[in-house]
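Notes to accompany the following structure.
From a predicted model like this one, the values you see are computed outputs, not experimental measurements. Counting from 1, the numbers follow the sequence of the chain as shown.
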Amino acid sequence: DVNPANTISLTSAANTDDQTVCRGVELTNITYSTTGATGATITGLPAGVNGSWSSNVYTISGTPSATGVFNYEITLTGGCGTVKRSGKITVTALNTISLTSAANTDDQSRCINTALTNITYSTTGATGATITGLPAGVNGSWSSNVYTISGTPSATGVFNYEITLTGGCGTVKRSGKITVTALNTISLTSAANTDNQTVCRGSALTNITYSTVGATGATVTGLPTGVSGNWASNTVTISGTPSAAGTFDYEITLTGGCGTIKQSGKITVTALPNVV
């Protein structure tokens, strides 16, 4: 009797023996039907993937944990002839994204209507990216493996953004935060026209008060001698007894917080009449 040579043929879907998969993603099983052989061995598989022979079927399965191009070869054992079958598994690394702008630019605070310091990320593997959560006036764009966030925010609040890479391997996201602060404000809280009052020299001023928001302090210039201005607990108070006559145009400048905010007023101090 003459025994036929061993045979091996692909029985899983076409091209499963030349497939590309992301690292950490399970392979589509590759199966072969064999005749004549009593077993088979394999070489060249990526880590995490293995092959086994049972009941005339050779199966390659698993989840690759290494990247690269892996040319495998199955060799039938027993039976007649030296019969081999080769295939290829390409394992692609997961997408990556990393901050390339200065440290902490991905968690920055800006005053409203002040340009953002650009935030940039380097990406690998992806063919694009999308973003959610940016304030109005700020946008993100992906080009040549760089994602850039830029613009001038026109809305206040805390904005937690998230970048999602598209294409390539894996669901890869990166988050950050942009805090946009409103401009400082100042408003008169003492009686109307107290910020434009007339007083006799040597008579106490009616206190002038302002409420402030955002600032951490304030300075006052232009007051008459004997009158002073101070800031505490978000309130500017101008008080005292003027000892010089004249028209005094004062100016309050808020410090700290957002914006160069000023408020002006006038104090007219009238001299006492001379008695002859």
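In this structure, F70 and V91 have side chains that are in contact, with non-hydrogen atoms separated by less than 4.5 Å. Using a 4.5 Å heavy-atom threshold, the side chains of K88 and D17 count as separate. Counting only heavy atoms from C-beta outward, the side chains of T117 and Q108 approach each other to under 4.5 Å. Annotation: side chain of T20 is in contact with side chain of T92 (closest heavy-atom distance under 4.5 Å). For the pair D195 and Q197, the minimum side-chain heavy-atom distance is 4.5 Å or more.
Panel note: side chain E73, backbone I42; no donor-acceptor pair is recorded below 3.5 Å. A donor-acceptor distance shorter than 3.5 angstrom exists from the side chain of R110 to the backbone of A115, with no hydrogens or angles considered. At distances below 3.5 Å, not a single donor-acceptor pair connects side-chain atoms of S86 with backbone N or O atoms of Y72. The backbone N or O of G256 sits less than 3.5 Å from a side-chain atom of N184, completing a donor-acceptor pair.
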message: The test is side chain to side chain donor-acceptor pair (under 3.5 Å); show your working for S243 and T225 and say whether it passes.
response: CA-CA 6 Å; S243 57; T225 304; 4.8 Å; no
- request: Verify side chain to side chain donor-acceptor pair (under 3.5 Å) between T11 and T31, making sure each step is shown before the conclusion.
  value: CA-CA 5 Å; T11 51; T31 59; 2.9 Å; yes
task: Output, in order, the C-alpha distance, side-chain angles, deciding distance and verdict of side chain to side chain contact (heavy atoms under 4.5 Å, CB included) for I238 and I252.
output: CA-CA 10 Å; I238 299 173; I252 302 166; 4.3 Å; yes
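With rounding to the nearest 0.5 angstrom, the OG atom of S12 is 9.5 Å from the CG atom of L27. In this structure, OG1 on T237 lies 5.5 Å from CG on N230, to the nearest 0.5 angstrom. Once rounded to the nearest 0.5 Å, the distance linking CG of L94 with SG of C22 reads 6.5 Å. Between the CD1 atom of I119 and the CD1 atom of I163 there is a distance of 8.0 Å, given to the nearest 0.5 Å.
Under the side chain to side chain donor-acceptor pair (under 3.5 Å) rule, W53 has a single partner from T38, T77, T41, T34, which is T34.
Contact detail for G140 and L134: the closest heavy-atom pair is N-CD1, 3.7 Å.
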